[in-house]
Number of protein chains: 2
Amino acid sequence: MFDWDDLRYFVGVADAGSTLKAAARLGANQTTVARRIAALERALGHQLFERGRAGYRLTEVGQRLLAHARPVAAAASAFAAEAAAARRALSGTVRLTVNEIYSEMMLTPLLAGFKAAHPQVRLELDHAHETRDLGRGEADIALRVATRIEGDALIARRIGEDRWTFYCSAAYAAANGKPRDIDALADHPLVGGGGPGVWDIYGRWLAHHAPGLEPVTLYDSSTGLLAAVRAGLGLAALPCLAVADDPALEPCFASGPVRRALWIVTHERTRQSPHIGAAMTYFGDALVRRAARLGLR
Amino acid sequence: MFDWDDLRYFVGVADAGSTLKAAARLGANQTTVARRIAALERALGHQLFERGRAGYRLTEVGQRLLAHARPVAAAASAFAAEAAAARRALSGTVRLTVNEIYSEMMLTPLLAGFKAAHPQVRLELDHAHETRDLGRGEADIALRVATRIEGDALIARRIGEDRWTFYCSAAYAAANGKPRDIDALADHPLVGGGGPGVWDIYGRWLAHHAPGLEPVTLYDSSTGLLAAVRAGLGLAALPCLAVADDPALEPCFASGPVRRALWIVTHERTRQSPHIGAAMTYFGDALVRRAARLGLR
DNA sequence: GGCCGGGGCTGCAAAAATGCAGGACAGGTC
DNA sequence: GACCTGTCCTGCATTTTTGCAGCCCCGGCC
């Protein structure tokens with residue numbers, strides 16, 4: 001019987017294209033990766049990869065077997081996520097996943113209050129770009145933008161509408177004035193990027209409504225994007241819920257009708273845990289109040 | 001990250017109940033099994049088992065995680081089956097799974113002819129009691145009893161009806177006479193068993209139609225059951241398709257109306273392979289002819 | 001044409017996993 | 001009460017795996 005752990009290397013090398021890159025990603029040594037692959041090939045009786053100077057390329061058999069190795073990898077990572085979730089549940093930790101652009105302005109000010117109200121709960125903020133699977137236990141609570149939340153056993157509470165508006169810094173507005181509509185946008189420099197989750201929405205809107213316009217700079221993080229706008233580098237479309245009360249920013253004009261809303265979401269199974277329930281209530285209440293204050297119900 | 005291979009030991013110990021039994025089943029040393037479990041617990045940060053004098057008992061967390069470990073094990077064994085199927089395809093091997101009671105009389109006489117017609121094909125006969133999953137590549141061709149074949153991409157060819165009749169040996173009939181119907185059955189000794197697949201059908205029929213009757217002997221294999229009937233030990237219900245042309249056996253009376261049929265089945269994906277196609281045609285044709293000869297269309 | 005970087009392979013020493021033998025212990029059995 | 005049997009754990013020698021340090025090869029670039 002082959003070593004199940006070798007499937008990790010199999011998938012890793014197939015995805016990375018070389019044992020060197022795979023080793024870096026898997027946190028192992030190139031030699032080890034090459035040897036695990038060789039061992040797996042010996043055990044299975046198949047050559048999985050074609051060795052070339054350019055790297056490891058899947059053989060036909062390898063390709064076919066890879067399709068069956070992926071489910072193993074998926075199941076193994078689901079197992080790991082479940083173990084992590086159980087560990088959090090036992091240690092009173094709550095993992096909250098949220099795009100960082102919403103995190104800084106909306107969540108950070110609430111953390112001290114939450115800590116004071118629930119001193120025994122440890123909070124982990126997860127700003128990963130990927131969407132976490134709550135059903136799998138990859139996170140306990142998520143802040144999500146969607147028209148509505150779909151999922152087997154997800155419990156979602158609506159925070160408020162997710163309106164986006166073009167913003168510039170107060171200093172920029174004083175020096176250059178503010179555009180009043182899309183057509184005036186061409187006379188102002190645009191700052192783009194913000195990472196997936198922001199640029200997905202913002203960039204797609206730009207491409208659709210103002211096809212000629214190119215941002216002068218692209219940031220890969222939303223903190224960078226925000227900092228650039230605050231520093232007066234130019235304009236960017238930003239979610240009102242997150243930045244409407246930032247005194248350094250001034251709204252120009254709304255970027256269109258609102259279809260989406262921001263939701264706070266958890267999983268039915270994990271909501272029973274008192275820590276997670278407490279966090280849902282605390283952050284849910286506070287965020288709903290915030291949305292009402294900003295007129296974004 | 002934990003070692004995926006340790007999940008094999010996790011599931012093994014959970015099922016076996018002790019590291020010693022698990023080690024025997026997994027073909028490893030008890031010490032190794034215990035140490036792999038300890039390593040997994042360390043990596044996951046959870047105690048999976050309660051150690052006691054009587055063996056390893058799952059903790060609550062262990063139970064919960066076991067439910068997520070099983071899918072990994074299932075995916076891994078599907079991967080192994082796929083690799084084995086690919087190996088067979090490349091080496092020109094065909095694996096045919098069939099209950100042994102059908103195998104001896106129906107298939108064995110055909111093997112020499114098949115070998116002569118297709119000398120390059122290696123044939124593996126699999127008499128396992130479990131049903132093989134053709135979709136997973138656990139076998140290439142199956143002989144199955146069913147009212148109809150259901151499955152995603154299975155190709156099934158009907159051989160003939162699966163009628164069952166009570167048989168005894170010619171010598172037994174000469175000495176004791178033959179029962180003409182169910183009611184006369186009580187005056188004759190019954191031989192039971194035959195392993196799963198035979199006793200499932202035969203035993204359930206007995207329990208339903210002749211509740212008081214107990215077999216004098218139970219065999220766990222169908223070769224044993226057949227040999228006992230041939231030796232004149234008593235009567236047994238047997239599939240006509242398999243034994244109707246056995247000169248040593250005499251039919252008594254049919255055990256009921258026929259709902260099921262015997263099918264030869266393969267998977268769409270594997271049928272493309274010339275070896276498997278050749279075997280399907282050869283055995284399918286020969287078995288259909290046999291069924292027609294015995295009047296069991 | 002020399003140089004550099006990505007990639008793979010080999011030899012060797014260190015580290016880890018494995019199997020074996022032995023020991024302990026609880027629960028039956030004669 | 002002596003004696004199995006099934007179970008787990010520990011210590012030690014052996015085997016296997018791993019990581020590191022070189023070394024080779026090839027293609028692109030200055």
Side-chain angles (χ1 to χ4, degrees), chain A residues 1-63 65-66 69 72-73 76 80, chain B residues 1-63 65-66 69 72-73 76 80:
Chain A
M1 181 55 111
F2 69 97
D3 187 329
W4 293 2
D5 204 50
D6 288 349
L7 295 182
R8 178 211 307 280
Y9 297 97
F10 178 26
V11 174
V13 172
D15 287 345
S18 79
T19 56
L20 202 57
K21 281 208 198 84
R25 286 193 208 171
L26 296 169
N29 188 293
Q30 180 272 329
T31 319
T32 302
V33 175
R35 287 196 277 228
R36 295 323 309 153
I37 296 293
L40 183 61
E41 291 183 331
R42 220 174 320 117
L44 294 178
H46 290 291
Q47 187 175 355
L48 300 172
F49 294 98
E50 209 73 70
R51 275 83 166 157
R53 43 232 152 290
Y56 273 43
R57 216 180 58 259
L58 278 170
T59 60
E60 202 166 324
V61 176
Q63 214 141 12
L65 288 179
L66 178 62
V72 181
Chain B
M1 182 54 113
F2 69 96
D3 186 329
W4 294 2
D5 204 51
D6 288 349
L7 295 182
R8 181 211 305 279
Y9 297 96
F10 178 26
V11 175
V13 172
D15 287 345
S18 80
T19 56
L20 201 58
K21 281 209 199 83
R25 285 194 209 170
L26 296 169
N29 188 292
Q30 179 272 330
T31 318
T32 302
V33 175
R35 286 195 279 229
R36 296 323 308 153
I37 296 293
L40 183 61
E41 291 183 332
R42 221 175 318 119
L44 295 177
H46 290 292
Q47 187 176 355
L48 300 172
F49 293 97
E50 209 74 71
R51 275 84 167 157
R53 292 281 148 241
Y56 273 43
R57 217 181 57 258
L58 278 170
T59 61
E60 204 167 322
V61 176
Q63 215 141 12
L65 288 179
L66 178 63
V72 181

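Predicted, not measured: the structure shown is a model, and the values here were computed from it.
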K.L.:
Under 3.5 Å, is there any donor-acceptor pair linking the side chain of A:Thr31 to the base of D:dC20?
P.N.:
yes
K.L.:
In whole Å, I'd like the distance from the CZ atom of B:Arg57 to the P atom of D:dC8.
P.N.:
13 Å
K.L.:
Can you sort out which residues in residues 13-27 of chain A have a heavy atom within less than 4.0 Å of DNA chain D? Ascending by number, please.
P.N.:
none
K.L.:
With no hydrogens and no angle check, just 3.5 Å: does a side-chain donor-acceptor pair link B:Glu50 and B:Thr59?
P.N.:
no
K.L.:
In whole Å, what is the span from the CD atom of B:Glu50 to the P atom of D:dT7?
P.N.:
18 Å
K.L.:
Does the base of C:dC20 carry an N or O that pairs as donor and acceptor with the side chain of B:Gln30 under 3.5 Å?
P.N.:
no
K.L.:
Say you draw a straight line from CG of B:Asp5 to CZ of A:Arg8; how long is it, rounded to the nearest 0.5 Å?
P.N.:
10.5 Å
K.L.:
Between B:Arg51 (CZ) and D:dG6 (C1'), how many Å, whole number?
P.N.:
17 Å
K.L.:
Rounded to whole Å, how long is the line connecting atom CG of B:Asp3 with atom P of D:dT17?
P.N.:
12 Å
K.L.:
Does the salt bridge (Lys or Arg N to Asp or Glu O under 4.0 Å) test come out yes or no for A:Arg35 and A:Glu41, once each step is laid out?
P.N.:
CA-CA 10 Å; A:Arg35 287 196 277 228; A:Glu41 291 183 331; over 6 Å; no
K.L.:
Is any side-chain nitrogen or oxygen of B:Arg36 closer than 4.0 Å to OP1 or OP2 of C:dT18?
P.N.:
yes
K.L.:
Do the ring planes of B:Phe10 and B:Phe49 sit parallel (below 30°), tilted (30 to 60°) or perpendicular (above 60°)?
P.N.:
perpendicular
K.L.:
Please state how far atom CD1 in B:Ile37 lies from atom P in C:dT18, giving the value in whole angstrom units.
P.N.:
12 Å
K.L.:
Among C:dG8, D:dG11, D:dT18, find the nucleotide with the atom closest to the side chain of A:Thr32.
P.N.:
D:dT18
K.L.:
Does the side chain of B:Tyr9 get closer than 4.0 angstrom to OP1 or OP2 of C:dA17 through an N or O atom?
P.N.:
no
K.L.:
If you look at every heavy atom in B:Ala16 and B:Lys21, which pair is closest and at what distance?
P.N.:
CB-CB, 3.8 Å
K.L.:
How about CZ on A:Arg57, more than 12 heavy atoms from neighbouring residues, nucleotides or ligands closer than 6.0 Å, or not?
P.N.:
no
K.L.:
DNA chain C: A:Arg35 or A:Gly55, which has the more 5' nearest nucleotide?
P.N.:
A:Gly55
K.L.:
Restricting to ring pair (Phe, Tyr, Trp, His ring centres under 6.0 Å), what partner residues turn up for A:Tyr9, sequence neighbours left out?
P.N.:
none
K.L.:
For B:Arg42 and C:dA16, what is the distance between atoms CZ and C1' respectively, to the nearest whole Å?
P.N.:
11 Å
K.L.:
Whole Å only: how far is the CG atom of B:Asn29 from the C1' atom of D:dC12?
P.N.:
14 Å
